[in-house]
Amino acid sequence: MRVVVIGSGAREHALCVALSSDPAVSALACAPGNAGTRAIAEPLQVDVPDRDAIAALAVAWRADLVVIGPEVPLVAGAADAVRDAGIACFGPSEQAAQLEGSKSFAKHVMTAAGVPTARSWPVGGPAELETALDEAAASAPGTPYVVKDDGLAAGKGVVVTTDRAAAVAHGRSVLDAGGAVLVEEYLDGPEVSLFALSDGTTVVPLLPAQDHKRRDDGDAGPNTGGMGAYAPLPWAPPGLVEEVRTTVLQPTVDEMARRGEHFSGLLYAGLALTSRGIRVVEFNARFGDPETQVVLPLLETPLAGLLYAAATGTLGEQPPLRWRDGAAVTVVVAAPGYPEAPRTGDPVTGADGEGVLHAGTALAADGSVISAGGRVLAVTAVGADLAAARQAAYERVAGVRLAGAHWRTDIALAAVEGRIVVP
Ligand code: AMP
Ligand code: GLY
């Protein structure tokens, strides 16, 4: 099978690592890829948001399967374009990707499917903003305000604050930029990322993982695209995955099918385990980053056949997934200035070892690796348990060099120390 992965982050590097070890894959490419993917996947040029360019590249390269990593091409209809060209594609249609692309669409689907999520108040204009905040405050006195950009915002569109003025300011700035706003009920409790493969009918959950979204240790500092992750979750209640499959994932896929918009690809449920039960924080329509970097190394079942089955409606015929014992941890090494204004173009050394996944890297003219994005590396290790995986990941971090780099030193620490409590 000839497989091409679209995207250029550590998620795509992790996908390439898993696909390159699958004997069913005869040729692997990554478009555009990064300095890390080049070692295992043929680099191809493509303008990632351009759906027709992605389809044309798949045809020219004679791909049997296209795996689309990021949300932007999915929301632009790249999976439809690839399928229209007669090639199997792992990724939802433009319409189905609205589960990620529009938070209000996702809310409608969840309401129709009876999926538990935060109460929300849509805001069409500045006058409605204050009313929505009043109603949210009245429904749960003393809890923080949650104000969201309705569209794609790369993890940076949400403000959670007890400061009314800050909540209003965020809502206004989104509205002023022409966006739509959603005010939401505040969800307490730890967050879980659960990925599921779907072929539009059958849903196969992967292992639960947890992301660390804030920049600094102790969950301080601004929200980022994700500073590290671990899997599985030693503190997860027994039966969590099955409960999410039956109450969240399957009803959502069924509701999309009922609407004639079959969701095939990766359904990513961002969940909060609240004092009132499981709630969906958001859906994404693709593998999460950095959680993919810890979920895929634990998967023993060859990946290409699974993604092909999801793409071609045959997931129900697959045997149960096989997972290796132990745990995985990934630590994101970020450029100075990330997330506000990352500096790029710095030399990166020590980044060719095992488990060092490249995120924002490129090759300089002389062939050396330089930084090319805010999140530069996702340094990953597997261990017999979470503590061992964590130690191994940080040992690998110590071996990389990037001037001014920063990373969190507490990825998976609260879980290792047993400090995560489900209310
Ligand atoms: P999202 O873009 O919807 O994934 O939100 C980003 C982050 O904001 C989430 O991972 C949560 O940490 C936080 N967040 C979003 N919605 C809520 C909510 N209703 N209550 C509490 N925190 C939230
Ligand atoms: N891990 C957060 C995301 O992929 O959106």
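These numbers come from the heavy atoms of this one structure, side chains and all, not from hydrogens, waters or symmetry mates. One-based numbering, in listed order, for ligands and for the atoms of each.
Looking at Arg119, Glu191, Lys103 and measuring to atom 9 (C) of ligand 1, the nearest heavy atom belongs to Glu191. Which of Val159, Leu182, Val160, Asp188 comes nearest to atom 22 (N) of ligand 1 through a heavy atom is settled by distance: it is Val160. The option from Val146, Asp149, Val280, Val183 that lies nearest to atom 18 (C) of ligand 1, judged by heavy atoms, is Val146.
Shown in contact with Glu282 at under 4.0 Å from a heavy atom are these atoms of ligand 1, numbered in order with element: 1 (P), 2 (O), 3 (O), 4 (O). For ligand 1 and Val281, the ligand atoms under 4.0 Å from any heavy atom of the residue are 15 (C), 16 (N). Residue Asp211 approaches ligand 2 through these ligand atoms, each under 4.0 Å from one of its heavy atoms: 1 (N), 2 (C). Close approach to Lys213 involves these atoms of ligand 1, each under 4.0 Å from a residue heavy atom: 10 (O). The atoms of ligand 2 that sit less than 4.0 Å from any heavy atom of Asn284 are 5 (O). Each of the atoms 3 (C), 4 (O), 5 (O) of ligand 2 lies under 4.0 Å from some heavy atom of Arg286. Per-residue contacts place Gly288 under 4.0 angstrom from the following atoms of ligand 2 (heavy atoms of the residue considered): 4 (O).
With respect to Arg119 and Glu184, no salt bridge is recorded, no charged nitrogen being found less than 4.0 Å from a carboxylate O. Ion pairing of Glu191 with Arg279 is absent here, as no side-chain N (NZ or NE/NH1/NH2) approaches a carboxylate O to less than 4.0 Å.
When non-hydrogen atoms are compared, ligand 1 lies under 4.0 Å from the backbone of Glu185 (N, CA, C, O) but not from its side chain. Contacts of Leu187 with ligand 1, taken as heavy-atom pairs under 4.0 Å, involve both backbone and side chain.
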Start with the C-alpha gap between Leu307 and Leu65, add the side-chain angles, then the distance that decides, and say whether side-chain contact (heavy atoms from CB on, under 4.5 Å) holds. CA-CA 8 Å; Leu307 301 186; Leu65 174 67; 4.1 Å; yes
Quick one: do Asp80 and Val82 satisfy side-chain contact (heavy atoms from CB on, under 4.5 Å)? Show the steps, please. CA-CA 5 Å; Asp80 309 81; Val82 171; over 6 Å; no
Test side-chain contact (heavy atoms from CB on, under 4.5 Å) on Val4 and Val67 and set out the steps. CA-CA 6 Å; Val4 55; Val67 179; over 6 Å; no
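Note on residues 323-334: pairs passing side chain to side chain donor-acceptor pair (under 3.5 Å), not counting sequence neighbours, are Thr330-Thr380.
Taking distance alone, with nitrogen or oxygen atoms compared against 3.5 Å, Tyr186 stays at or beyond that limit from ligand 1. Every N/O-N/O distance between Glu282 and ligand 2 stays at or above 3.5 Å. Remark: ligand 2 and Lys213 share no N or O pair separated by less than 3.5 Å (distance only, no angle test).
The ring-ring contact (aromatic ring centres under 6.0 Å, His included) check on Tyr268 picks up Phe195, with sequence neighbours excluded.
Remark: the backbone N or O of Arg214 is paired with a side-chain donor or acceptor of Arg408 at under 3.5 angstrom. In this structure a side-chain-to-backbone donor-acceptor pair under 3.5 Å is present from His13 to His358.
Residue Glu282 forms a salt bridge (Lys or Arg N to Asp or Glu O under 4.0 Å) with just one option from Lys107, Lys103, Lys148, and that option is Lys103.
No more than 12 heavy-atom neighbours from other residues, nucleotides or ligands sit within 6.0 angstrom of OH on Tyr308.
At least one heavy atom of Lys148 sits less than 4.0 Å from an atom of ligand 1. Every heavy atom of Phe287 sits 4.0 Å or more from the atoms of ligand 2.
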